[in-house]
Amino acid sequence: MKDYSSKSTLEGNLIQIENLYKSIFTEVGNTSIELSNKLVSVWHEDSTNIDAASLEIIEQDEGYIISYWDGYSLAEQIDEKEIKSALKVFKRLARKLAKNLQRFS
């Protein structure tokens, strides 16, 4: 049985992820975050675009999938085995998302 209180799962890193979201997206308007044990999703609230820009990290049995949607299509999808690597990618793509939203919104 997995130890969900540890930092080796998505659930064990939710506070860190929420703080990352707050620090990166404070200056970016119209964004939201959803945090759950197996999924974290950050998205741009854009009623004019049904495929609004977003970023997700999903925990699966074999690792983590990080997906970045640029507002038009799936721009990047990266698979990582370890949570530490997955969070690094998530952070990089969160910064990219925030930068693009500030530039194009």
Side-chain angles (χ1 to χ4, degrees):
M1 179 176 240
K2 285 187 176 179
D3 178 10
Y4 290 107
S5 64
S6 76
K7 297 277 188 179
S8 64
T9 65
L10 192 57
E11 183 179 8
N13 286 278
L14 291 179
I15 292 171
Q16 176 188 348
I17 293 168
E18 184 175 21
N19 289 338
L20 175 72
Y21 168 79
K22 289 176 183 176
S23 70
I24 292 176
F25 290 93
T26 299
E27 301 298 317
V28 180
N30 300 324
T31 61
S32 294
I33 187 169
E34 177 184 336
L35 300 159
S36 70
N37 296 344
K38 299 284 184 184
L39 167 74
V40 173
S41 181
V42 176
W43 68 93
H44 181 223
E45 296 170 348
D46 182 357
S47 60
T48 64
N49 186 350
I50 59 170
D51 289 325
S54 65
L55 174 62
E56 291 182 342
I57 182 170
I58 301 168
E59 182 175 334
Q60 298 184 323
D61 291 336
E62 63 279 354
Y64 303 87
I65 299 173
I66 306 95
S67 302
Y68 173 70
W69 295 80
D70 63 9
Y72 302 101
S73 64
L74 180 63
E76 291 186 55
Q77 183 168 325
I78 300 163
D79 297 330
E80 291 289 346
K81 296 280 186 211
E82 302 295 324
I83 187 67
K84 186 175 179 179
S85 301
L87 290 175
K88 227 175 174 176
V89 171
F90 185 83
K91 184 176 184 177
R92 176 179 61 82
L93 292 175
R95 287 185 174 141
K96 181 177 181 176
L97 175 61
K99 184 177 178 182
N100 286 340
L101 289 176
Q102 286 178 319
R103 184 181 302 158
F104 299 115
S105 294

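Worth knowing before you read on, the calculation uses all heavy atoms, side chains too, and leaves out hydrogens, waters and symmetry mates.
Judged as a side chain to side chain donor-acceptor pair (under 3.5 Å), and not counting sequence neighbours, S73 has no contacts. The side chain to side chain donor-acceptor pair (under 3.5 Å) check on D46 picks up T48, with sequence neighbours excluded. Under the side chain to side chain contact (heavy atoms under 4.5 Å, CB included) criterion, S54 pairs with W43, W69, sequence neighbours left out. K96 pairs by the side chain to side chain contact (heavy atoms under 4.5 Å, CB included) definition with Y68, E76, L93, N100, not counting sequence neighbours. Not counting sequence neighbours, the partners of E82 by the side chain to side chain contact (heavy atoms under 4.5 Å, CB included) test are S85. For the side chain to side chain contact (heavy atoms under 4.5 Å, CB included) test, residues two or more places apart in sequence or in another chain that qualify with I58 are L39, E56, Q60.
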- Task: Decide yes or no on side-chain contact (heavy atoms from CB on, under 4.5 Å) for S41 and I33, but give the supporting numbers first.
- Result: CA-CA 6 Å; S41 181; I33 187 169; over 6 Å; no
- Message: Working note: E18 + L35, criterion side-chain contact (heavy atoms from CB on, under 4.5 Å); need CA distance, chi angles, decisive distance, verdict.
- Response: CA-CA 8 Å; E18 184 175 21; L35 300 159; 3.8 Å; yes
- Can you check side-chain contact (heavy atoms from CB on, under 4.5 Å) on Y21 and T31, steps first, answer last? CA-CA 10 Å; Y21 168 79; T31 61; 2.9 Å; yes
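Crowding of E27 atom CD: a count of heavy atoms from other residues, nucleotides or ligands under 6.0 Å not exceeding 12.
Within the 3.5 Å criterion, the main-chain N or O of G71 finds no donor-acceptor partner in the side chain of D51.
Between A75 and D70, the shortest heavy-atom contact is CB-OD2, 3.9 Å. The nearest pair of heavy atoms linking I83 to K7 is CG2-O, 3.4 Å. Here the closest non-hydrogen pair linking G29 and H44 is O-CD2, 4.1 Å. Closest heavy-atom contact between A86 and Y64: CB-CB, 3.7 Å. In this structure, I24 and V28 approach most closely via the heavy-atom pair O-CG2, 4.2 Å. Closest approach of L10 and S36 over heavy atoms only: CD2-O, 4.5 Å.
Looking at heavy atoms from C-beta onward, V89 lies in side-chain contact with E80 at the 4.5 angstrom threshold. K88 has its side chain out of reach of R92: every pair of non-hydrogen atoms, C-beta onward, lies at least 4.5 Å apart. In this structure, L20 and K91 have side chains that are in contact, with non-hydrogen atoms separated by less than 4.5 Å. With a 4.5 Å cut-off on side-chain heavy atoms, I65 and I78 do not count as touching.
Atom CG of N37 is separated from atom OG1 of T9 by 8.0 Å, given to the nearest 0.5 angstrom. For the atom pair I17 CD1 and K22 NZ, the distance stands at 13.0 Å (nearest 0.5 Å).
The hydrophobic cluster containing L14 also contains L55, counting ILVMFWY residues as joined when their side-chain heavy atoms lie under 4.5 angstrom apart, directly or transitively.
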